[in-house]
Protein chains: 2
Amino acid sequence: MAASVSTREAILAAASALYAERGYDGVSMRDVAAAVAIQPASLYHHFKDKDALILAALEHALSAKAVIGRDILLKQEPLEQRLNAFVDWLVRLFFDDPAFARMTIRGALDGNDQRRAYLAKTVIEGVFAPLAQLISELSDALDPGLTAASIFSLVAGHFQLASTFVHLPRELRALAQADALSAHIKSLIGRSLDLAKPSEPAP
Amino acid sequence: MAASVSTREAILAAASALYAERGYDGVSMRDVAAAVAIQPASLYHHFKDKDALILAALEHALSAKAVIGRDILLKQEPLEQRLNAFVDWLVRLFFDDPAFARMTIRGALDGNDQRRAYLAKTVIEGVFAPLAQLISELSDALDPGLTAASIFSLVAGHFQLASTFVHLPRELRALAQADALSAHIKSLIGRSLDLAKPSEPAP
DNA sequence: GTCTATACGCGGATAGAC
DNA sequence: GTCTATCCGCGTATAGAC
């Protein structure tokens, strides 16, 4: 049984990476099997069908990260510091692990109902709700729920734009640096919430 | 030749809608042919292969919209009014035409290099650049390029989150209304740029 | 320009031996 | 729990008649 658990883990790790890279449809069961160096038929011992494997891979990739994000938001630190730390973490998460980022985005875009429901539940209950709560304590300038959604949108959106920007002249590609984006988003959100206002003129 | 042009148009319209709905891999040439009520083989008279059809469909869906957005940004009106009108238009564009929205997002996520390059070129040259220009004239509180990217990110991100929120309790689903989002984004951006500051407390 | 017919490989999935 | 062998449908794409 110990062996089977680790095979299962290996399958999930390989599948997550492949799905993130090429999409669910772009990765066959044969591809996953090859990455783990087992026969395709063996996958079906661990997962009922491809749909079940996809769901498990999504869960595998997501659940661990959600816990970390939640911890940052609930730490014993000043509110604003927690918010900034969360933004830093989220930007890093996406840019340092593009596979994870794409997997998350894909979950919302390509997911069937079951996958989207899982994604929503995990992310919302684990991270979205505490973030909105923190924002509501920080300021009443903007709606907390919408603002929390805006933070996710900004990080995910900039990440996606960065992929597109690769095909563009240098001056636009400079926009896609994680540090610069992190600073920009913190500044944007901080200013709109009437927190301390760092000025951020163009370099 | 007149007949062939209109068949071509019909193919592009059908293909755009299908691709937006189910993704490029999720839509077969047979599917497209069925939607236009012709035989699959006939598609290959109009488009060399599936890749060519996808690129043409993307172009078909995108080019017209980019012109409209550009016009709004270059209109003879006060800067802030133009910015707000643009945000309104972009939010409406995504929420009233989810097929188009998904197609655009997919272009960035699933596209091969050629598709991403086309997407980047059209959107950047047509809309992104004028938007950044407008922002730079409005305020120097934030970097114009990053802020322009933030506006796209916010609209696209909220749109994607809205799809996920469908599976959630009512109080969160309320966040996904186009009007509310439009107001929120305008407020968020306006406040962060130090424009007139409408307060937007939670309802 | 559209059709019928068809080639051919890849995909998911199962049966059953070891 | 992993293997070999295999089924079968669907996908892209082409040939060639009308």
Side-chain angles (χ1 to χ4, degrees), chain A residues 1-60 103 106-107 109-115, chain B residues 1-60 103 106-107 109-115:
Chain A
M1 179 111 129
S4 90
V5 167
S6 97
T7 297
R8 192 190 146 93
E9 289 296 309
I11 293 170
L12 288 175
S16 302
L18 288 170
Y19 290 149
E21 183 79 14
R22 310 209 297 264
Y24 301 130
D25 289 332
V27 176
S28 66
M29 296 299 269
R30 287 169 160 87
D31 291 337
V32 175
V36 194
I38 61 175
Q39 293 304 311
S42 303
L43 292 175
Y44 291 86
H45 175 77
H46 299 276
F47 303 95
K48 179 180 158 291
D49 55 18
K50 186 176 180 176
D51 249 35
L53 174 57
I54 292 174
L55 184 62
L58 186 64
E59 192 168 348
H60 176 80
M103 180 112 184
R106 230 177 257 290
L109 191 66
D110 286 354
N112 60 24
D113 280 358
Q114 196 188 3
R115 289 203 285 276
Chain B
M1 179 111 130
S4 90
V5 167
S6 96
T7 296
R8 193 190 146 92
E9 290 296 310
I11 293 169
L12 289 175
S16 302
L18 288 170
Y19 289 149
E21 183 79 15
R22 309 208 298 264
Y24 300 130
D25 289 331
V27 176
S28 67
M29 297 298 269
R30 294 192 218 265
D31 291 336
V32 175
V36 195
I38 62 174
Q39 293 303 312
S42 303
L43 292 175
Y44 291 86
H45 175 76
H46 300 277
F47 304 94
K48 180 181 157 290
D49 55 18
K50 185 175 180 176
D51 249 35
L53 174 56
I54 292 174
L55 185 61
L58 186 63
E59 193 168 347
H60 177 79
M103 180 111 185
R106 232 178 257 289
L109 191 65
D110 286 354
N112 60 23
D113 280 358
Q114 195 188 4
R115 289 203 285 276

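Per chain, numbering begins at 1; letters A, B, ... match sequence-line order.
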Any residue meeting side-chain hydrogen bond (donor to acceptor under 3.5 Å, both in side chains) with [X], in chain and number order, not counting sequence neighbours:
| X | result |
| --- | --- |
| B:R115 | none |
| A:R22 | A:D31 |
| B:D51 | B:N112 |

d([atom1], [X]; [atom2], [N]) in whole Å:
| X | N | atom1 | atom2 | value |
| --- | --- | --- | --- | --- |
| B:D51 | D:dG11 | CG | C1' | 14 Å |
| B:K50 | D:dG11 | NZ | P | 9 Å |
| A:F47 | C:dA13 | CZ | P | 13 Å |
| B:Y44 | D:dT14 | OH | C1' | 9 Å |
| B:D31 | D:dC10 | CG | P | 11 Å |
| A:L43 | D:dC3 | CG | C1' | 13 Å |

Phosphate oxygens OP1/OP2 of [N]: is one of them under 4.0 Å from a side-chain N or O of [X]?
| X | N | answer |
| --- | --- | --- |
| A:T7 | D:dT2 | yes |
| A:H45 | D:dG1 | yes |
| A:H46 | D:dT2 | yes |

Original post:
Rounded to the nearest 0.5 Å, how far apart are CG of A:L55 and CG of A:D49?
Top reply: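 Here the rounded value is 10.5 Å.
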Original post:
How far does NE2 of B:H45 sit from CD1 of B:I38, to the nearest 0.5 angstrom?
Top reply: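 Going from the NE2 atom of B:H45 to the CD1 atom of B:I38 covers 10.0 Å.
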Subject >> Nucleic acid contacts of residues 32-42 of chain B, taken as heavy-atom distances under 4.0 Å to DNA chain C >> reply: B:I38, B:Q39, B:A41, B:S42
[X] and [Y]: which non-hydrogen atoms are nearest, and at how many Å?
| X | Y | value |
| --- | --- | --- |
| B:L53 | B:M29 | CD2-SD, 4.0 Å |
| B:A10 | B:V36 | CB-CG1, 3.9 Å |
| B:R8 | B:F47 | NH1-CE2, 3.4 Å |

Below 3.5 Å, can you tabulate the donor-acceptor pairs from side chains in residues 11-21 of chain A to any protein atom, sequence neighbours excluded?
from	atom 1	to	atom 2	distance (Å)
A:S16	OG	A:L12	O	2.7
A:S16	OG	A:A57	O	3.4

Original post:
Looking at DNA chain D, which of residues 18-30 of chain B put a heavy atom within less than 4.0 Å of it?
Top reply: B:V27, B:S28, B:M29, B:R30
